[in-house]
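For clarity, every value in this text was computed on a predicted model and none was experimentally measured. Keep in mind that the numbers below use all heavy atoms, side chains included, and drop hydrogens, waters and symmetry copies.
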Amino acid sequence: MTGPRRRTVLQGSAAVGLGTAGATGLLGTPARAAAAGTDPYEESVRDARMIWERPPEAGHDAPCLGDGSLRVQVLSGATPDRLAFVVRGADETWQSAAGGLVLRLAGTPTAHHWQLDLWNAELTATITTTRGRVRFTALVPHGRALLVVRLTTEGAESAAAWEPATDTGAGHPLPYQEDTRAAVRVLVAGGDAAAVRRALAAAGGVDTEHRRWWHDHYRHGFLSVPDRTVQRFYWTQIYMSAAALRRDAPVTGFGHPLLGTTDHLALDPVVAATAHRPRTASHSHLYGGLPGVGSKGGRAPDPISGWGLPAVEAAYRAGMDVRILRDRLHPGLRKAVGFYTHFLVAESDGRLHLPATHSPSYADASDATYVLALLRWALTALIDSTRRLGLTEAGLDRWRDIAARLTPYPSGPDGVLIGRQVALTRSHPYASHLLWLHPLREQLADTGLARRSYAHWASMRDSWHGSSYVTAAGLAAATGEVSEALSHLRHFLAGLGGGGLYRPGRGEAGDETAVSVPLGAGQTALDLLLDSRSGTLRVFPSTPPEWPQATVAGMRAPGAFLVDAARSDGRTDWVRVRSEAGEPLLLDHGMEGPFEVLDEQGRPRPWRSAGPRTVRVALTRGETVVVVRPGQRPTASPRVVEAAGAPRAWGLSGKPK
């Protein structure tokens, strides 16, 4: 085997059920709070560790260490006797020239064994050479923006030495210093020389703090499904969200919803920016996006996605932080909607229409579906935010009138068009004209229109690349095409090859693409298990029949709800929802037949029916409700479900090994 591979199966196929009742109540506590007995979090994350049996030659296949401020990739050097430690700071992109260090071995390697331990966020390696053996452990202690490597040698490999990387194009050398302690050589690199000296003096004490942070990080958002490829990929993305995602990344488009869903809002750039310095929007960069001009004035982004308003709204909904609503979302929505109101034209049909704009990566069109969908979403969000903030807005009646009169999406026999009289006639890798279906999840009266639109786009795949399959999986899940959704997701995972850490697809580029696309795929996997973007919290809404068992725990849903749920034999067993904000809960629990609605102590509690399998429950802040099938009881800790079949390993080529 020549590349990174995975552990085969969890030892023992039985799931880890961890009790029911406890001192806090008959129905247990939210999963994050319980940590007794066998630890399902540690078991699952350790199972996702990755192994290399030769050093990777390309960055996208290399193990990555980091803390969001410093990112380190380890790969083969210019010659077999050299290993490159490529180091990038917070202000350096994946494509920028990077400094680093080279470990020069004394002999020629004859065997490699590297392991990226996700649970402890450490890379360990054993390298056998013609002159001895080298072992090292490398980590980026969380919050320190420094690389620490501990090295031991055998035989003539005592001559192995560190040297600065040359010909990298980096503007300045990387500060580093090495010390030997009890036959262990300790190297610290990064920051400045003073920071390196301080860290080297304290290097022995960083591990406990580092591991404690990472172990807590993994206890937010648990997933277990029979498909171990999907499960392991999920945990690699939870790792990458903290190791490689830049904290100061610009907020555009839809951001990284996985951070909110898995209860990692502290890592979301939206939340970080709001906590420190609220940003105001301006129109100075939008000259190319003027309606009526289209792409002739350049292809600058529209204000709604350009300012990342959907990402801001998602962060607000996940935590219901009024600061995000008041300081960022509402002002941004007012300006974005105000921008478009100057260009809307009332025509003889009584509807409001848009002059030509550019539908991304396809064509110019009047009434472009992409822009109409964003504007319709922004109007709805603006009206809702005005209500939530209790504001008296002079433009409120105008916004309601625009929302009511905005023209429907142009459509034809094959579904929704790119724009008025502009049909989809060739392969389109981004499906930007379908964002109303996913990720906006707008509900149309004609449900068949959504299926026809998705099917037509998916029938032409010549220009698809990695992110296209992620988009396709989300669209298929939104239309109820569950098997297709899983097929698209598996296709994407097979194409990663390097183990699922990061890799831009064919035809894709950009600093964040390599990280954001896999993070989006992680969210798509969750969409098969939880969905609440339509206003109803739906549990196991599109779960494939190949996953008759599934567990989620500590997942965050819009409205600041924390959700635990379990499924067995193809049926939902129980759902537990805790409210952090006191929002009303509309829950589609998915249970056929009788069910009970209970409080945290197992006592019946009031609820109202809102349709088949759907209940409406009034919750106060901090209150928990449990919906359960008769004879079932929630566990206090999440359950690792049984693996289905022998999991496949991933090699650098992306083919099963």
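- A donor-acceptor pair shorter than 3.5 Å cannot be found between the side chains of Thr369 and His433.
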Verdict with supporting geometry, Arg388 and Leu329, side chain to side chain contact (heavy atoms under 4.5 Å, CB included): CA-CA 12 Å; Arg388 286 182 175 274; Leu329 182 58; over 6 Å; no
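- Ring geometry, Tyr218 versus Trp235: the interplanar angle exceeds 60°, so the pair is classed perpendicular (tilted spans 30 to 60°).
- Atom-to-atom distance recorded for Thr572:OG1 and Arg613:CZ is 8.0 Å, nearest 0.5 angstrom.
- Thr635 is not listed as a side-chain neighbour of Thr551, based on a closest heavy-atom distance of 4.5 Å or more.
- Distance OG1/Thr341 to CZ/Arg398: 6.0 Å, rounded to 0.5 Å.
- Ring orientation note: the planes of Trp213 and His217 are close to parallel, at an angle under 30° on the 30°/60° scale.
- Listed for the Ser44 side chain is no donor-acceptor partner under 3.5 Å among the backbone atoms of Tyr41.
- Between the side chains of Thr261 and Gln523, at least one donor N or O lies within less than 3.5 Å of an accepting N or O.
- Inter-residue side-chain proximity for Asp527 and Pro439 is flagged as unmet; no heavy-atom pair is nearer than 4.5 Å.
- No donor-acceptor pair closer than 3.5 Å links the side chain of Glu600 to the backbone N or O of Thr624.
- No salt bridge links Glu596 with Arg629; every basic N to acidic carboxylate O contact stays at or beyond 4.0 Å.
- Nearest heavy atom pair, residue His488 against residue Ala476, reads CD2-CB, 4.4 Å.
- Although no hydrogens or angles enter the test, the distance criterion places a donor-acceptor pair under 3.5 Å between the side chain of Arg376 and the main chain of Thr407.
- With contacts defined as side-chain heavy-atom distances shorter than 4.5 Å, the pair Arg576/Val563 does not qualify.
- Between the NE2 atom of His456 and the CG atom of Leu434 there is a distance of 9.5 Å, given to the nearest 0.5 Å.
- Here the side chain of Arg567 pairs a donor or acceptor atom with the backbone of Trp547 at under 3.5 angstrom.
- Scanning both residues, Leu258 and Gly522, for their nearest heavy atoms gives CD1-C, 3.8 Å.
- Judged by a 6.0 Å distance limit and a 45° cone about the ring axis, Arg323 is not positioned over the six-membered ring of Tyr316.
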Derivation of the salt bridge (Lys or Arg N to Asp or Glu O under 4.0 Å) call for Asp599 and Arg603: CA-CA 5 Å; Asp599 66 12; Arg603 299 168 301 201; 2.8 Å; yes
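- The closest donor-acceptor contact from the side chain of Ser432 to the backbone of Pro360 lies under 3.5 Å.
- Arg232 and Asp47 are joined by a salt bridge, as a carboxylate oxygen and a charged side-chain nitrogen come within less than 4.0 angstrom of each other.
- Between Tyr469 and His491, the ring-plane angle classifies as parallel under the 30° and 60° cut-offs.
- Using a 30° and 60° split on the angle between ring planes, Phe595 and His589 fall in the tilted class, from 30° to 60°.
- Using a 4.0 Å cut-off between charged nitrogen and carboxylate oxygen, Arg490 and Asp227 count as a salt-bridge pair.
- Not one N or O on the side chain of Ser487 forms a donor-acceptor pair closer than 3.5 Å with the backbone of Ser483.
- A search for side chain to side chain donor-acceptor pair (under 3.5 Å) contacts involving Tyr234 returns nothing, not counting sequence neighbours.
- Taking 4.0 Å as the cut-off between side-chain N and carboxylate O, Arg578 and Asp564 do not count as a salt-bridged pair.
- For the pair Glu623 and Arg605, the salt-bridge criterion is met [side-chain N within less than 4.0 Å of a carboxylate O].
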Side chain to side chain contact (heavy atoms under 4.5 Å, CB included) evaluation trace for Leu245 with Met240: CA-CA 7 Å; Leu245 189 62; Met240 288 297 285; over 6 Å; no
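- A salt bridge links Arg219 and Asp39; the closest N-O separation between the charged side-chain nitrogens and carboxylate oxygens is under 4.0 Å.
- Leu379 has its side chain within reach of Leu375: a pair of non-hydrogen atoms, C-beta onward, lies under 4.5 Å apart.
- Of the listed residues (Leu449, Val416, Thr479), just one forms a side-chain contact (heavy atoms from CB on, under 4.5 Å) with Tyr454, and that residue is Thr479.
- Counting only heavy atoms from C-beta outward, the side chains of Leu333 and Thr386 never approach each other to under 4.5 Å.
- Heavy atoms of other residues, nucleotides or ligands lying less than 6.0 angstrom from CZ of Arg387 number more than 12.
- At least one side-chain heavy atom of Gln549 sits less than 4.5 Å from a side-chain heavy atom of Glu642.
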Residue pair Ser516, Phe254: steps toward the side chain to side chain contact (heavy atoms under 4.5 Å, CB included) verdict: CA-CA 10 Å; Ser516 62; Phe254 289 82; over 6 Å; no
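- Distance alone, capped at 3.5 Å, places no donor-acceptor pair between the Arg334 side chain and the Leu382 backbone.
- The pair Arg621-Glu580 does not count as a salt bridge, with every side-chain nitrogen at least 4.0 angstrom from each carboxylate oxygen.
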Derivation and outcome, side chain to side chain contact (heavy atoms under 4.5 Å, CB included), residues Trp574 and Val627: CA-CA 6 Å; Trp574 55 266; Val627 181; over 6 Å; no
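- Looking at every heavy atom in both residues, Phe492 comes nearest to Gly466 through CD1-O, 3.3 Å.
- For the residue pair Ser568 / Asp573, a side-chain donor-acceptor distance below 3.5 Å is found, with atom types taken as modelled.
- In this structure, a donor-acceptor pair under 3.5 Å is absent between the side chains of Trp214 and His142.
- Ser224 places a side-chain N or O within 3.5 Å of a backbone atom of Val641 that can act as its donor or acceptor partner.
- Using a 4.5 Å heavy-atom threshold, the side chains of Asp268 and His256 count as separate.
- Every residue was checked against the side chain to side chain donor-acceptor pair (under 3.5 Å) condition with Ser579, not counting sequence neighbours, and none meets it.
- Judged purely by atom type and a 3.5 angstrom limit, Thr614 uses its side chain to pair as donor or acceptor with the backbone of Pro612.
- A salt bridge does not link Arg212 with Asp216: none of the charged nitrogens is closer than 4.0 Å to a carboxylate oxygen.
- A salt bridge is absent between Arg211 and Glu42; no separation between the charged side-chain nitrogens and carboxylate oxygens falls under 4.0 Å.
- For the residue pair Arg556 and Leu562, the shortest heavy atom distance occurs at NH2-CD2, 3.9 Å.
- Checked against side-chain contact (heavy atoms from CB on, under 4.5 Å), Ala311 has the following partners two or more places apart in sequence or in another chain: Val251, Val270.
- Residues Glu313 and Arg328 form no side-chain contact, since every pair of their non-hydrogen atoms from C-beta on lies 4.5 Å or further apart.
- For Ala525 against Val230, the heavy-atom pair with the smallest separation is CB-CG1, 4.0 Å.
- Shown are Leu587, Asp588, Leu586; of these, the side-chain contact (heavy atoms from CB on, under 4.5 Å) with Leu537 is made only by Leu587.
- Nearest heavy atom pair, residue Ala431 against residue Leu475, reads CB-CD1, 4.1 Å.
- Going from atom CG of Leu486 over to atom CD of Glu481 covers 13.0 Å, rounded to the nearest 0.5 Å.
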